[in-house]
Visitor: 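Sharing a structure, written as structure tokens. Questions coming.
As the structure lists them, so they are numbered: ligands from 1, and atoms in each ligand from 1. Residues take their numbers from the sequence shown, with the count starting at 1.
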Amino acid sequence: MADTATQAGGEQLEEKLEGMLDIEKFEPPEDFHKHALLSDPSVFEEADRDWKGWWLKQAKELHWFKEPTESVDESNAPFYKWFNDGKINASYNCLDRHVEAGNGDRVAFHWRGEEGEERDITYAELLRDTQKLANALKELGIKKGDVVGIFLPMIPEVVVAMMACARIGAPHNVVFGGFSADSVKERMEFSEAKALITVDGQRRKGKTAPVKAKVDEVISGLDTLQHMIVVKSTNNDCEMKEGRDHWYHELLEKADDECPAEELDAEHPLYILYTSGSTAKPKGVVHTTGGYLTGIAATHRYVFDLKPEEDVYWCSADVGWVTGHSYIVYGPMLNGATSVMFEGAPDYPHKGIWWELCERYGVTLFYTAPTAIRACMKWGVEHVNKFDLSKLRLLGTVGEPINPKAWLWYHVVIGGERCPIVDTWWQTETGAIMITPLPGIVETKPGSATRPFPGIAADVVDERDGTPVADGQGLLVITRPWPSMLRTLYKEDERFVETYFDRFGKETYLVGDAARKDKDGYFWIIGRIDDVVNVSGHRMSTAEVESAIVSHRMVAEAAVIGQADEDSGQAICAFVTLEGDETEGSDDLIAEIREHVAGRIGKLARPKRIIWADDLPKTRSGKIMRRLLRDIAEGRAVGDVTTLRDPDVMQQLEGKIKEEHQSEQ
Ligand code: WT7
């Protein structure tokens with residue numbers, strides 16, 4: 001690699017990447033193709049010909065207490081059932097199976113703390129702690145079917161917590177550690193959680209946030225929540241409420257270490273995960289056991305070409321998102337992988353920490369988000385080049401469309417031009433990766449997630465009548481059921497049908513993304529069509545952010561839009577009208593509103609930009625026209641305003657934006 005652009009200065013690299021923008025396709029590297037688990041393209045036809053049989057075959061790779069004889073039951077569509085007569089347990093598949101096969105000493109996670117602490121946790125150790133915690137939960141009266149909340153940072157206990165719930169059939173409801181206590185409360189309330197597993201404090205870039213104390217402030221009114229289990233992670237002071245609160249380590253000390261895995265129906269709910277939708281109320285996506293595990297195990301194995309004896313895998317997401325559920329916890333553990341789990345941020349203690357860890361643990365498969373790649377590009381190659389990344393053999397991305405420039409940078413600088421990149425499109429609702437290259441077979445095109453995984457059928461259709469669009473933009477749909485699909489929205493069956501299966505019927509799942517298919521049948525994802533903003537690959541509902549802003553005492557009305565942003569893909573931009581006669585707020589008020597939103601939802605939801613508005617553009621029926629706001633915010637010519645109740649509003653707003661631009665200069 002002596003004189004490659006990666007080692008030369010930034011300018012040469014820039015030139016090289018520019019030159020590569022013309023390359024349309026990248027073939028799977030020859031050596032990779034030769035050794036890949038899947039290297040014969042006939043797998044696509046095989047899966048298509050008999051997709052039900054294909055998935056049943058994948059299901060049988062798992063351990064079943066009772067093997068299923070049937071694939072999908074479509075009799076009550078869109079409430080599909082998968083492998084319905086099978087009996088299975090997720091934690092048995094993730095733990096016992098490997099220990100029984102003699103692999104108990106294999107490291108499941110090389111855990112690395114923010115301050116450099118290290119812990120290697122084996123499958124056998126995880127099984128022991130899981131059984132203890134499962135027994136402790138039972139002692140507290142948690143039964144099969146009871147929901148257990150989990151609000152934990154990236155520490156090994158989060159894996160134990162999920163596994164213990166799965167072991168006894170208590171669906172977990174994990175809340176992302178970056179969300180506020182209010183969000184935790186709301187999610188515990190909606191899911192009627194009986195217990196919450198949380199932590200004394202959470203570290204972030206050298207500081208410690210008091211997690212338990214914050215949760216205490218809001219949670220006391222919740223009658224359904226009977227127990228709180230607290231992991232001692234940072235030695236942060238916290239009050240323990242007699243009878244309700246229990247230290248995790250004390251429970252484990254006392255608990256018996258044998259707890260046989262519950263033999264559960266394939267359709268037993270494994271977890272609920274709240275995600276943002278078009279309205280302010282988050283959607284409780286429900287995943288069940290047999291189908292979910294089938295989809296996750298198969299995609300994790302084949303998309304990442306996982307060879308558990310040789311590979312070291314690292315997904316840099318947080319367990320609180322679906323990526324973490326599927327591709328930090330369940331997928332890798334189902335396949336007996338050795339993974340890296342990192343507590344910290346990508347720039348702490350230094351901007352090369354990810355690459356330092358790749359070198360240290362010999363990471364071979366690395367999975368991250370485009371927004372992180374763009375951040376690394378900005379920080380510069382010098383943070384990368386200090387470390388030896390020669391063990392890497394495959395790279396993945398997820399969360400948002402990746403711009404070709406970032407794809408090429410990832411390919412050249414991180415992948416040393418030898419690693420295939422899998423751009424994986426999927427969602428909380430789909431549970432598993434849906435559109436992706438198979439790295440040993442499919443040629444990649446920078447910016448395209450390529451084609452559906454074997455067994456998956458996707459299309460791009462006309463938004464008016466649902467007919468396939470041959471060439472051009474339309475709505476992305478999935479045209480047959482798949483095992484890891486969501487089963488419903490928790491306690492909202494009607495909303496489930498309405499959101500996903502109303503528009504084009506119960507055979508056609510409406511994704512909520514716009515996309516285009518090219519002449520080779522490759523899919524290019526454009527972005528959300530609903531009122532969801534994708535900030536750094538994280539889903540935020542505009543309605544949820546609006547209602548948080550409006551709950552500030554000085555705000556009368558707010559409209560939130562997603563605005564294109566070169567760092568985070570999209571950024572939150574809020575148009576705000578104040579109470580009373582004030583038409584413009586101070587910088588302090590801007591800061592106050594941003595903090596207010598952070599408190600209500602979480603830091604990610606803070607508006608990057610606030611624009612004061614005397615009034616908002618509304619139709620005669622009072623609907624805010626966000627399309628016009630988007631035009632204005634991004635400095636485009638404003639479209640048709642004739643349907644507005646008061647067309648002057650737009651002129652005022654345009655004036656404001658002009659002032660803003662001037663004052664920025
Ligand atoms: C939305 C789902 C899947 C885990 C992370 C996000 C966008 C996701 C891609 C990709 C283009 C992508 C879509 C999707 N998205 N992956 N590879 N290319 N867009 O899960 O929070 O449920 O969000 O993220 O818009 O609908 P999520």
Visitor: Between Asp318 and Gly177, what is the shortest heavy-atom contact and its length?
Guide: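 For Asp318 versus Gly177, the nearest heavy atoms are OD1-N, 4.4 Å.
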Visitor: Please list, in number order, the atoms of ligand 1 under 4.0 Å from a heavy atom of Ile525.
Guide: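 So the answer, numbered in order with elements, is 11 (C), 19 (N).
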Visitor: Does the pair Asp530/Arg539 count as a salt bridge with the N-to-O cut at 4.0 Å?
Guide: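 Looking at Asp530 and Arg539, the cut-off is not met.
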Visitor: Measuring from atom CD of Gln58 to atom CZ of Arg301, what distance do you get when rounded to the nearest 0.5 angstrom?
Guide: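 It comes to 7.0 Å.
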Visitor: Check Asp311 with Arg393, please: is the shortest side-chain N to carboxylate O separation under 4.0 Å?
Guide: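 Result for this pair is yes, salt bridge flagged.
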Visitor: Write out the residue and atom name of the closest protein heavy atom to atom 23 (O) of ligand 1, then the distance separating them to 0.1 Å.
Guide: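 Result: Arg539 CD, 3.1 Å.
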Visitor: Is ligand 1 under 4.0 Å from a heavy atom in the side chain of Asp513, in the backbone, in both, or in neither?
Guide: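 Near ligand 1, Asp513 shows its side chain, while the N, CA, C and O stay back.
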Visitor: Is ligand 1 under 4.0 Å from a heavy atom in the side chain of Val322, in the backbone, in both, or in neither?
Guide: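 Contact part for Val322 vs ligand 1: side chain (C-beta onward).
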Visitor: Using the ring centroid of each side chain, check whether Trp321 and Phe179 are separated by less than 6.0 Å.
Guide: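 Ring centres of Phe179 and Trp321 closer than 6.0 Å.
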Visitor: Can you tell me the protein heavy atom closest to atom 4 (C) of ligand 1 and the distance?
Guide: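 Sorting protein heavy atoms by distance from atom 4 (C) of ligand 1 puts Thr323 OG1, 3.1 Å first.
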Visitor: Could you check whether Tyr490 and Tyr274 have their ring centres less than 6.0 Å apart?
Guide: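 Not close enough - the centres of the two rings lie 6.0 Å or further apart.
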Visitor: Considering only the protein, which heavy-atom contact is closest to atom 1 (C) of ligand 1, and what is its distance?
Guide: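 In this structure, atom 1 (C) of ligand 1 has Arg528 NH1, 4.1 Å as its nearest protein heavy atom.
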Visitor: List ligand 1 atoms under 4.0 Å from Asn534, heavy atoms only on the residue side.
Guide: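 Selected atoms, number and element: 7 (C), 24 (O).
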Visitor: Under a 4.0 Å heavy-atom limit, does Gln427 contact ligand 1 with its side chain, its backbone, both, or neither?
Guide: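 It is both backbone and side chain that touch ligand 1.
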Visitor: Does the gap between the ring centers of Phe79 and Phe496 come in under 6.0 Å?
Guide: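 So the answer is yes for these two rings.
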Visitor: Once the angle between the rings of Tyr327 and His300 is folded into 0 to 90°, is it parallel (under 30°), tilted (30 to 60°) or perpendicular (over 60°)?
Guide: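 Parallel.
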Visitor: I need the atoms of ligand 1 closer than 4.0 Å to a non-hydrogen atom of Pro401, numbered in the order shown.
Guide: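 Matching atoms, with element in brackets: 11 (C), 18 (N), 19 (N).
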Visitor: If you measure from each non-hydrogen atom of Thr424 to ligand 1, which part falls under 4.0 Å: side chain, backbone, both or neither?
Guide: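 It is the backbone that touches ligand 1; the side chain stays farther off.
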Visitor: Just to check, does Gly512 reach to within less than 4.0 Å of ligand 1 when the distance is taken from its heavy atoms?
Guide: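 Per 4.0 Å heavy-atom rule, Gly512 does not contact ligand 1.
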Visitor: Under 4.0 Å from a heavy atom of Trp426: which atoms of ligand 1 are those, numbered in the order shown and with their elements?
Guide: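 Counting from 1, the qualifying ligand atoms are 2 (C), 3 (C), 4 (C), 8 (C), 14 (C), 16 (N).
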Visitor: Do the ring centers of Phe366 and Trp354 come within less than 6.0 Å of each other?
Guide: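 Yes: the rings meet the under 6.0 Å criterion.
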Visitor: Under 4.0 Å from a heavy atom of Gly399: which atoms of ligand 1 are those, numbered in the order shown and with their elements?
Guide: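 With Gly399 as reference, the close atoms of ligand 1 come out as 7 (C), 8 (C), 9 (C), 12 (C), 15 (N), 16 (N), 24 (O).
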